[in-house]
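As a basis for the values below, the full set of heavy atoms in this structure was taken, side chains included, without hydrogen atoms, waters or symmetry mates.
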Amino acid sequence: MNYRTGYKQNFCVCVILVWKTSPQIYFIKIYIYIFQQSYLKTARNKRASFNLLLPTLMKKALLLSVLAIGAMSANAQAVEQPGFCQNWSIGIDGGVTTPLHHHAFFGSMRGVFGLNVKKQITPTFGLGVEGYAGVNTSSWKGWPHSSTAIDNSYVGVFGSVDLFNLFGGYNCEVRPFTIEAVAGAGWGHDYIHNNTGAGIPDENYFATKVGLNFNINCNEHLTVAIKPSVGWNMNGGRAEQSPTYYNVDNAVFNIEAGLVYHIGGNGFECVRPYDYAEVEALNAQVNDMRAALQASMINSAAWEAKAASLAEELATCMSRQPEVKVIKETEVTNTLSSVRYVFFKIGSSVITPDQMPNVEMIAAYLKNHPDATVVVKGYASQDGPLDINIKLANNRAEAVRKALIDKYGIKANRIQAEGEGIGNMFKEESWNRVSICTIEDNN
């Protein structure tokens with residue numbers, strides 16, 4: 001019996017207000033005002049009332065599903081758009097099915113198994129195809145079994161909405177547990193074995209389903225799911241009724257366990273949203289760095305020109321012939337002019353290149369005056385332990401002596417070198433790290 005003619009069409013007004021409270025979280029507030037006409041007044045019994053109420057509930061559920069799918073772009077985390085071959089999954093299911101009305105719920109349970117393939121288009125919404133088959137379901141209507149164990153089959157398309165990602169936002173990681181709302185439609189077929197003479201033809205019908213998937217994500221590739229759902233034969237198998245309608249008499253409850261394999265992984269790559277202000281700031285920094293680099297290059301060119309000029313002056317100076325001036329020697333005495341100083345760095349007894357001219361001057365004098373000798377006395381500053389400073393003073397005197405002998409060929413018997421320990425001749429402490437060379441003319 002068809003009770004669809006006993007009520008007027010529902011009138012729905014939906015207002016969706018969406019606002020943003022943070023870059024990751026969106027709140028969706030849906031106000032649905034449904035004004036029902038007097039469709040229950042024509043219901044003659046409790047069963048009729050339920051049959052009339054069921055389509056209304058289904059319409060509400062479908063309406064909310066459409067609104068949720070439309071709103072998912074508002075609360076989704078910015079993710080990299082995957083390619084067509086990415087985010088596919090394949091699953092196998094197995095469980096039981098039983099009629100919702102006029103049959104024993106548990107006593108009428110029959111086996112069901114199936115296969116599904118899904119493409120996760122966004123972190124919230126997925127689209128797929130599925131098929132499943134029921135075993136010995138013809139016994140519900142008292143029809144003969146088919147020639148095989150499979151009495152009915154279903155092939156259809158479905159859409160899924162991840163409720164956690166819809167209302168909680170995608171956090172760039174695969175959650176260990178998720179819940180999906182699923183709705184689908186497709187082609188159903190009942191197989192009837194006609195060799196018994198019953199004359200009952202196979203039945204084809206338009207079928208719909210809604211359900212939930214409780215997913216346990218074991219890792220990025222494997223998911224275990226529990227899938228309760230309700231399916232409807234929308235034609236009801238009766239020619240006198242409307243082409244499609246919801247009726248609890250033609251509904252079945254399914255519960256299945258599924259194993260899903262995610263090809264290439266389960267998830268999306270989050271990307272940082274394009275921030276125009278940040279990009280402008282970065283461009284300004286790049287321009288400033290380019291300007292600084294240009295200024296540095298100009299400055300470097302100036303220094304290179306100066307270095308080239310100094311090199312040219314040095315080459316000119318080195319190529320110039322030395323000027324020899326003869327100065328009449330009136331008297332040579334052991335005064336300050338006959339004393340030369342060789343200074344050392346702290347803790348070192350090595351003669352640095354800038355001090356070698358002083359040693360060379362001593363050597364030149366000794367070569368020009370064969371009877372002259374030199375007394376070299378080494379000193380150390382007060383920095384550091386006493387024993388080390390005494391050793392440094394000896395080494396500094398010996399360094400000058402060795403340079404005069406090895407480099408300038410002065411005979412050793414013309415050089416007297418000895419360390420004097422700590423020196424305090426100068427107020428500037430660094431000047432006390434010195435070898436004082438006193439030239440003695442023995443004429």
Please check if the side chain of Ser319 supplies one atom and the backbone of Ala315 the other of a donor-acceptor pair under 3.5 Å. yes
Residues in salt bridge (charged side-chain N to carboxylate O under 4.0 Å, His left out) contact with Glu256, at least two apart in sequence or another chain: none
Looking only at atom types and distance, does a side-chain atom of Asn389 sit under 3.5 Å from a main-chain N or O of Ser381, one as donor and one as acceptor? yes
Counting N and O atoms only, with roles assigned by atom type, does the side chain of Gln355 sit under 3.5 Å from a partner on the main chain of Phe343, one being a donor and the other an acceptor? yes
Any donor-acceptor N/O pair, Asn250 side chain to Asn235 backbone, under 3.5 Å: no
Distance from Asn152 atom CG to Glu203 atom CD, nearest 0.5 Å? 10.0 Å
With a 6.0 Å cut-off (strictly less than), is the heavy-atom count around NZ of Lys118, excluding the residue itself, greater than 12? yes
Is a side-chain donor or acceptor of Asn247 paired with a backbone partner of Asp249 at a separation under 3.5 angstrom? yes
Over 12 non-hydrogen atoms of neighbours within 6.0 angstrom of NZ in Lys119: yes
Which pair of non-hydrogen atoms, one from Asn87 and one from Gly265, has the smallest distance, and what is that distance? OD1-O, 4.0 Å
Distance from Asn424 atom CG to Asn432 atom CG, nearest 0.5 Å? 6.5 Å
Using 0.5 Å steps for rounding, measure from the NZ atom of Lys227 to the NZ atom of Lys209. 7.5 Å
Once salt bridge (charged side-chain N to carboxylate O under 4.0 Å, His left out) is applied, do any residues pair with Glu278, and if so which ones, sequence neighbours excluded? Arg272
Atom CG in Leu392, atom CZ in Phe344: separation rounded to 0.5 Å? 9.5 Å
Phe84 atom CZ, neighbour heavy-atom count above 12 within 6.0 Å: no
Using atom types as modelled and distance alone, determine if a side-chain donor or acceptor of Asn171 lies under 3.5 Å from a backbone N or O of Glu173. yes
Look at the side chain of Asn395 and the backbone N and O of Ser349, then say whether any donor-acceptor pair between them is shorter than 3.5 Å. no
Are more than 12 heavy atoms, taken from residues, nucleotides or ligands other than Glu312, located less than 6.0 Å from that residue's CD atom? no
Within the structure provided, determine whether Thr98 and Phe106 are in side-chain contact (heavy-atom separation under 4.5 Å). no
Atom CD1 in Ile351, atom CG in Asn358: separation rounded to 0.5 Å? 9.5 Å
Pairwise distance CZ(Phe167) to OG1(Thr124) - rounded to 0.5 angstrom: 10.0 Å
Any donor-acceptor pair under 3.5 Å linking the side chain of Arg396 with the backbone of Gly419? no
For Gln382 and Glu429, the nearest pair of non-hydrogen atoms, with its separation, is N-OE2, 2.8 Å
Check whether Asp93 reaches the backbone of Gly114 with its side chain - one donor and one acceptor, N or O, closer than 3.5 Å. no
With distance as the sole test, does Gln120 use its side chain to make a donor-acceptor pair with the main-chain N or O of Phe125 at under 3.5 Å? yes
Looking only at heavy atoms, the pair that brings Arg175 and Asn217 closest together is O-ND2, 2.6 Å
Under a 3.5 Å threshold, yes or no: a donor from one side chain and an acceptor from the other, between Ser153 and Tyr191? yes
Side-chain donor-acceptor contacts of residues 289-305 below 3.5 Å, not counting sequence neighbours, with atom names and distances?
from, atom 1, to, atom 2, distance (Å)
Asn299, OD1, Trp303, NE1, 3.4

